[in-house]
Amino acid sequence: MLYQKLIKGLHWSIGCLLLVLATITQAGEAEFLAHEQALIKAKFEQKEHIMMAWYKADTQQAVQLMELMLASELYYQKKEKRLYRVTDARKGAVAARLSDGESVTIAKKRNFKRVSINNHLRALFRQYIARAGLTAVEPQQRIAAAEAIMGNTDPDLIATVTDLLAQETDAEVQAAFDLVLAVATLQSKDKDQQEAAIKTLGESLQPAALNALKQFLQTYSESDLAPLASQAVDRINGKIDFYNGVETLYFGLSLGSVLVLAGIGLAITFGVMGVINMAHGELIMIGAYTTYVIQQLMPNHIGWSLLVAVPAAFVVSGLVGILLERGVIRFLYGRPLETLLATFGISLILQQAVRSIFSPLNRSVETPAWMAGLIDINPLLSLTQSRMYIIAFCLLVFLLLLAIMKRTRLGLQVRAVSQNRNMARAMGVRSEWVDALTFGLGSGVAGIAGVALSQLTNVGPNMGQAYIIDSFMVVVFGGVGNLWGTLVAGLSLGVANKLLEPWAGAVLAKILVLIFIILFIQKRPRGLFPQRGRAAED
Amino acid sequence: MFNNRFLQCATLVAAVSASNLVLAADTIKVGVLHSLSGTMAISETTLKDTMLMLIEEQNKKGGLLGKQLEPVVVDPASNWPLFAEKARELIEKDEVAAIFGCWTSVSRKSILPVVEELDSVVFYPVQYEGEESSKNVFYTGAAPNQQAIPAVDYLMDELGVERWVLAGTDYVYPRTTNKILEAYLQDSGVAAEDIMINYTPFGHSDWQSIVSDIKKFGAEGKKTAVVSTINGDANVPFYKELGAQGISSADIPVVAFSVGEEELSGMDTGPLVGHLAAWNYFMSVDSEANDEFIDNWHAFIQDEDRVTNDPMEAHYIGFNMWVKAVEKAGTTAAPAVQDAIIGVSVPNLTGGLSSMMPNHHISKPVLIGEIQDDGQFEVVSSTDGLVVGDAWSDFLPGSKDLIADWRAPLSCGNYNVETGKCSGQNF
């Protein structure tokens, strides 16, 4: 995450690369050529030496090449053995020669081969990019660079940082540099320096600071400063515990919102209409596959595809739902056992249909760039952005559905039919039509859940099965026929699951939650928020 | 007109059934026992197609012992007891000469009593946890010492990893493999507090807390790596969560034993670049045999985008070994083939020769690859020579003294070198 921040800031420099390289001097050109040839021929273990030599000779150039390699954009032409920048390795795309900036069209993909790197080189390059980033223009970049080198310094680098600190004007950057120096001086022999360093580190939330303090306690356990250091460690640990709690709560809410999304369609079909729909999971799956198809149709607008997919999935899953209701379920009203078996059969048919149409392999649904990323609150707590969107999306869907049920004519008729079918019909409500639309609505919402789930998990024929149990669990726990119940039940089950997970493990946590629900249903068979009134009595 | 058509049809049908009869009389039947529906269809369907391709190619070359090969495909539908029933059906009713099949260990365990009772020949193409050697089963996938241990060695020696997260799905393969790895790591001097073991249910989709724990575990200053035995479907959300929480392969690399080209084709590979996998074959391996195999596969499946993977290579090796053993024995009778196949060597797809060992495992090279953004692997390390599959791990207390040798006079799958006894149990 540090690196992403760094690279975001440095990205402009890649753009300038061709400009820079095009203006290299005659002498520089010979040097560039030598490095270039060595790099192309090198094996993994030699590449480290070559890039280090290059870094010494021309830091800026080397850093830019490292960035290209990290972004997998550095290629070489196999025949002429020259380096190219290739952003898109396809036939017909453009490759730019690094030495003179000349653009070449790729005639054959196989002619170009990527300059490959491994994890060792990746880590090394990031260190060196960070070192170069210490003098970057943007303060944010300098901070990121300081955090990246923390605990990973040598005397030369410390001297550089000390010099830079003297010239630094930005307070935040100064603090970051201070921290780098403190981590290093903690191991020095001078007591006063050590004491100052402990005080600086004790205020920081950086993992490197805590590690440095712990190491200090191990090596200097006899020192007079040990109590001070252990105090600092305790203080940091206390903060860590607090932020862990916040994080667990966030994880719980986001798991809960997934449960609510998966279950809320069922809250309509099962909760309001009383249909035990075992094919509910497959309606979610259809929504996810709709997302996949939409992305295939608009490969150049991945960012927009999700926004298109939401209404599309609603319509597709909704239509499938209406078809189900008209074709099968309406003949089985009042016979729950037959409905259960019939819809279970339908779920198997839908799964195999997807297997035949799309192949049994999972499909890959891309995550748009605007959903990726982290929100850094502090070094100990960073929240994933995609989950944030899912929580917001879940609440939005919930509120919309609530509005439809409470404020629209359709909602009124749905409630009327579910409370007293005969009376509603006597009042002129076309109950069959309402049944079909209600089922369609519930199914459409399941489809929307599929769009959200496609961002988190597999899109494959089996994905529906993973959610059917959870969905029923949420609806039954919340109280059949109550949307608020579904929301509260989903979120609280999510949080409970995440609270249990750290000490019980993922497997046991799930079992414990299930046992709790069984016991709860024994005590309160109608769930958290039971429906009251005459309709609920029969 | 109608009559004419009808007659044509009738003769055609008659001709087809007659030729079927002729074929049935002198073909050698080969059983293909892979799930084509249910959860495992995702992985096993490809292996069924691979077998059909290999059989078709062999028939083009003139068949075997002068006869054509005839595939008998059945669908055990990812249902473990059904595997045993279908295996019985293949052997008793269809009288197949050999069975190529199974993916999960539990399906293999399910057919074991049947194939041992009816004394047949089974080729099992998937990496597994070891601790088994049956007279009737030939294990062409990797044993733990052909995948897990070399991968851990690579992380330890090349990347300097000191802290280990062993993450797996909660079933027999990850549990046994992790037990072996834990023992191996502790033998290599890794402290107990530097090993974190975590199990998750099948199809686990919410990885937030676990990934966050891994992140914290890795933030304590020592280089950390994850050794993943997470099964198929749960991998996508796992890698997505790693990406979402900003853990890159350079921070905490993940080495996986169940993620291959086929699995990657269903994933958004962006967050996976640089993570590792250990296999005995990668599609990207540069060898003539591999190029030919890929070309044949694309021609057979009529789709240039389909990938090849390690279990497919295992079937390729296993099938060719069986063909060679049958030719050597001059018959397809199971006991003769079981004897003849030990010591048979056939080319593998990475440019070497693999041999069938007396313990019914084969010798293979071990490759470590880094995932690239095109869903392929770049080989970053490979063992110097071939590694011989070890049926009984040397790192588990119960199995260290056991060896398997199916040659006479020992003929035992679990001979205890300490007590000098064969426990008699066949698996």
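Chain letters run A, B, ... following the sequence lines, proteins first and then strands; every chain starts at 1. The figures here come from the full heavy-atom set of this structure, side chains too, leaving out hydrogens, waters and symmetry mates.
- Residues A/Arg126 and B/Ser248 have side chains that bring a donor and an acceptor to within less than 3.5 angstrom of each other.
- Chain B forms the most heavy-atom pairs under 4.5 Å with one residue out of A/Lys214, A/Gln351, A/Gln455, and that residue is A/Gln455.
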Can you list the steps and then say if B/Asp213 with A/Glu501 is a side chain to side chain contact (heavy atoms under 4.5 Å, CB included)?
-> CA-CA 11 Å; B/Asp213 284 349; A/Glu501 216 172 82; over 6 Å; no
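- Distance alone, capped at 3.5 Å, is enough to place a donor-acceptor pair between the A/Asn211 side chain and the B/Ala219 backbone.
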Derivation of the side chain to side chain contact (heavy atoms under 4.5 Å, CB included) call for B/Glu378 and A/Asn118 | CA-CA 9 Å; B/Glu378 171 108 21; A/Asn118 58 13; over 6 Å; no
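- There is no contact between A/Phe125 and chain B, counting heavy-atom distances below 4.5 Å.
- For the pair B/Pro237/A/Leu456, no side-chain contact is recorded, criterion being any heavy-atom separation below 4.5 Å from C-beta on.
- In terms of heavy-atom pairs under 4.5 Å with chain B, the best-connected choice from A/Lys498, A/Met371, A/Glu366 is A/Lys498.
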Between A/Asn244 and B/Lys216, does a side chain to side chain contact (heavy atoms under 4.5 Å, CB included) hold up when you go through it step by step?
-> CA-CA 10 Å; A/Asn244 278 353; B/Lys216 281 170 206 144; 2.9 Å; yes
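- Residues B/Glu241 and A/Arg387 have side chains in contact (heavy-atom distance under 4.5 Å, counting atoms from C-beta outward).
- Contact annotation for B/Asp206: both backbone and side-chain heavy atoms come within less than 4.5 Å of a heavy atom of chain A.
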When you look at B/Lys215 and A/Ser382, which way does the side chain to side chain contact (heavy atoms under 4.5 Å, CB included) test go after all the steps?
-> CA-CA 12 Å; B/Lys215 196 171 165 182; A/Ser382 42; 3.6 Å; yes
